[in-house]
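To start, the structure itself, in structure tokens.
We name chains A, B, ... by the order of the sequence lines, and we start the count at 1 in each one.
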4 protein chains.
Amino acid sequence: MSLKKSAQPAPDSTRRSERSRRAIYDAALALVAEVGYPRTTIEGIAARAGVGKQTIYRWWSSKADVLLEAFLDLSEQASRDAGPEYEFAIPDTGDLAADLKAVLRLTVDQLRDPRFEGPSRALAAEGVVDEQLGRIAVAKLLEPSLQMYADRVRSAQEAGQVRPDVDPRIALELWVSPLAQRWLQYTGPISYEYTDTLVDYALYGLAPR
Amino acid sequence: MSLKKSAQPAPDSTRRSERSRRAIYDAALALVAEVGYPRTTIEGIAARAGVGKQTIYRWWSSKADVLLEAFLDLSEQASRDAGPEYEFAIPDTGDLAADLKAVLRLTVDQLRDPRFEGPSRALAAEGVVDEQLGRIAVAKLLEPSLQMYADRVRSAQEAGQVRPDVDPRIALELWVSPLAQRWLQYTGPISYEYTDTLVDYALYGLAPR
Amino acid sequence: MSLKKSAQPAPDSTRRSERSRRAIYDAALALVAEVGYPRTTIEGIAARAGVGKQTIYRWWSSKADVLLEAFLDLSEQASRDAGPEYEFAIPDTGDLAADLKAVLRLTVDQLRDPRFEGPSRALAAEGVVDEQLGRIAVAKLLEPSLQMYADRVRSAQEAGQVRPDVDPRIALELWVSPLAQRWLQYTGPISYEYTDTLVDYALYGLAPR
Amino acid sequence: MSLKKSAQPAPDSTRRSERSRRAIYDAALALVAEVGYPRTTIEGIAARAGVGKQTIYRWWSSKADVLLEAFLDLSEQASRDAGPEYEFAIPDTGDLAADLKAVLRLTVDQLRDPRFEGPSRALAAEGVVDEQLGRIAVAKLLEPSLQMYADRVRSAQEAGQVRPDVDPRIALELWVSPLAQRWLQYTGPISYEYTDTLVDYALYGLAPR
DNA sequence: GTATAATCGAGACGGTACGTCAAGTCTTATC
DNA sequence: GATAAGACTTGACGTACCGTCTCGATTATAC
């Protein structure tokens, strides 16, 4: 899970302090939210968590690594809180467009949640420049959602609502990527109307029918 | 053009050393290419450029700012080298799909050019986290291309190849954003085949016709 | 007068700006008085004097050199103001002890004049470490007074009040140096009573008579 | 002992590295001897001592403070080397003049020892301008000697060789200060003959007997 | 009474050192 | 053996001045 490239003899994780781990996650997320990622320091996290610096270096390899796990932990918590049935499921009412629009509206809400924004941007930025981290972050955080979109597209193919030769992994990018880019690069405003439009364009194309 | 938030009395730009400016651009781009953005330092740039640190701080506000201008300069140079006629023009053969596919293949080539990759990623990453820088970088570097796509879509609308109610600024995101996301976040491989597919999906939609 | 070790072709002093010279002296003395010698900078003097840095470097070799001349100028002004007859003359009433005590009391007053204290200490400190400057400062500033003490001792020798084998140049150190050391090194308080005592001890010795 | 004005939480001196302390003293003294005080820098000391700059800033407040302690340490070492019986004792043979002359000749030798000259001048100069440092340096370095002179004078008073109304603390300045001034300000040459003369003048006075 | 050349104010430049911050390593004492 | 604490070396930060240099603009003699 961690990026740790174990140089020293691997520490004995059975003796690990759960208290410290929690405190470090909390401190890291709080600091990123308060002062931003670049001004968040390992020393700062350690001090705020009431933890020795070595305890951080023992279990994580970098600031980004700490944050990645802290963020994963936060996501898992959020999922558990939301209840197991609801979580991450794309509804299948038979109407693909409606189902996609509904889920994308939830995503829009999440992107605006300030609790997520700071750490998410930090991780995304780090991932752009650090390929290893980027791939892990995508796999852990983004992949589950993408998989569900792909599944929903496949189900629509079976229902005859999507052409059978369409690659679902590419199809989903028609709405996921534009939203992602507007959020990452400030290329445009994000709204329900916007995501609704994306779904319509994606499903029915730009060309006249 | 610079992000410089003039605190001190603005320096007299008529007396600026062109020699230093060039040397700083070259050093910055070389270092980012060689050791990566995070390990590129202002001190390193200054040393390599044979320049005092103050000369950098006098004219730029941050490492990212230096790199942004260096990269802009590089792009302008590249444009000038390429000749004024070809540059940044999307062909209009009457066949929108073919025209888009052709241009996107050039973009794929450029994304793989190692001369551009380092600085581009660095800027993109910084822009994710620093909204001001992000907006400027997008405006300077991305916007011209986006504008041309929008223009080409509009021309296709007039030719009846694209529905008149389609918003060109959103339409173009159907192929630009997926490519951008795969490049930024390593969410998938980039190839001519991939961009061709994007154009097809975007124009004709996922739904059966 | 200056310490300038002329490297470049000597500047033409006939065309020198008297206005600038005065402004530099004033600025230098004011700055030393206000922020102390170490925090006084050439740039600061130039800015305060409304003068280009080069104008300072053209005519002086160092901060200490500027200050030395500024201080000499100040001394000369003070002398001129005091009137030519009074200045630096040790009275000769026939009573050596009384005459020395009187002059030393004036010296005590001067050592306490804050206008002189800052620059004097600065020069003295610099002179301790920079032998060349030290010798010049002593020659310009201290020597005239020492010479007058020596003359007065000689006159006392002729009057039979001082043993003929006494070296006047050493004799005067018996009161000048203790006062100087207390002032320079804070080895003790300075008062009229103290200087009076010094004169008595020097003239009549420590041993019983 | 240090001038450190504890701003940050005081560091834990029990965990201080003795190795670093020694290396810093050695480097500081060596640099002052080699290039002089003004060209000795904190960075230079740190580099030469193989020590981080912060380790210096953690324990000392300034270059002068480092040097003061380094010099004190050197003096203590020298004392220990010289053996406890000899050190700093003014002989009491019953002949005050002879005893003083003997000790002053040793002082003359020491003033010429190049190992001491550089750091001593540096400290003295700094002390002229920085009263706090000056007082500490005098108390630590000069005071012990002065005290011994005072004691010897008192003993001579008991033996009837010095008038009982003489203040020993002022008396000793008659030979200490002239020597100090010649050394500090280059006001004259220093020799055995000179110090012998000072003692004679001081004891028997300038006036005929 | 101009020509003309040096000085002048200004300030950009390549540098050095400053004092601070944080990184990652190491040591000590505690639990 | 993991931990909290924090001293250590390292290296970059952004700032302040150094002394040199190039600019017009301004004198102030010498033509």
Side-chain angles (χ1 to χ4, degrees), chain A residues 7-9 11-17 19-20 23 39-44 46-47 49-59 61-63, chain B residues 7-9 11-17 19-20 23 39-44 46-47 49-59 61-63, chain C residues 7-9 11-17 19-20 23 39-47 49-59 61-63, chain D residues 7-9 11-17 19-20 39-44 46-47 49-59 61-63:
Chain A
Q8 301 89 339
D12 179 350
S13 52
T14 65
R15 313 194 50 168
R16 183 167 184 184
S17 159
R19 218 151 66 34
S20 297
R39 301 235 302 279
T40 296
T41 65
I42 299 265
E43 293 206 333
V51 137
K53 277 201 287 179
Q54 205 52 256
T55 300
I56 297 184
Y57 284 109
R58 189 163 16 243
W59 302 107
S61 68
S62 67
K63 187 167 65 159
Chain B
Q8 297 88 344
D12 178 350
S13 50
T14 67
R15 307 190 43 188
R16 186 167 182 182
S17 161
R19 223 160 62 29
S20 297
R39 302 236 302 279
T40 295
T41 64
I42 300 261
E43 291 206 332
V51 137
K53 272 200 289 181
Q54 205 59 284
T55 299
I56 297 185
Y57 285 110
R58 185 159 24 237
W59 301 109
S61 67
S62 67
K63 186 168 66 160
Chain C
Q8 302 89 338
D12 178 350
S13 53
T14 66
R15 312 192 53 164
R16 183 167 185 182
S17 160
R19 229 181 23 46
S20 297
R39 302 234 302 280
T40 296
T41 65
I42 299 264
E43 293 207 333
I45 295 171
V51 137
K53 277 200 289 179
Q54 204 54 259
T55 300
I56 298 184
Y57 284 109
R58 187 162 18 240
W59 301 109
S61 66
S62 68
K63 186 169 66 158
Chain D
Q8 298 88 345
D12 177 350
S13 52
T14 67
R15 307 191 45 186
R16 184 167 184 182
S17 161
R19 208 143 101 4
S20 297
R39 303 236 302 279
T40 296
T41 65
I42 300 260
E43 292 207 332
V51 136
K53 273 201 287 183
Q54 205 59 284
T55 299
I56 297 185
Y57 285 110
R58 183 157 29 237
W59 301 109
S61 65
S62 67
K63 187 168 66 159

Query raised in the report: With sequence neighbours excluded, what pairs up with A/T41 under the side chain to side chain donor-acceptor pair (under 3.5 Å) test?
Result: none
**Report entry** Minimum heavy-atom distance A/T55-A/S20, with the two atoms named
**Finding:** CG2-CB, 4.3 Å
**Report entry** Side-chain donor/acceptor of A/K63 to backbone N/O of A/T40, under 3.5 Å
**Finding:** yes
Report summary line: Residue pair A/R39/B/E43 against DNA chain E: nearer the 5' end by closest nucleotide is B/E43
Report summary line: Rounded to the nearest 0.5 Å, the CZ atom of B/R16 sits from the OG1 atom of B/T14 at a distance of 11.5 Å
Requested in this report: Please state how far atom OH in B/Y57 lies from atom P in F/dC17, giving the value in whole angstrom units.
Outcome: 17 Å
Report summary line: Taking every heavy atom of B/W59 against every heavy atom of B/S13, the minimum-distance pair comes out as CH2-CA, 3.7 Å
Query raised in the report: Of all heavy-atom pairs between B/S62 and B/I42, which one has the smallest distance, and what is that distance?
Result: C-CD1, 4.3 Å
Query - Whichever of B/I42 and C/K63 has its nearest DNA chain F nucleotide further upstream toward 5' - result: B/I42
Report task. Scan nucleotides 3-9 of chain E nucleotide by nucleotide, 5' to 3', and note B when protein non-hydrogen atoms come under 4.0 Å of the base, S if they reach only the sugar-phosphate, - if neither. Result -> --BBSBB
**Report entry** For atom CD1 of B/I56 and atom P of F/dC13, their distance in whole Å
**Finding:** 9 Å
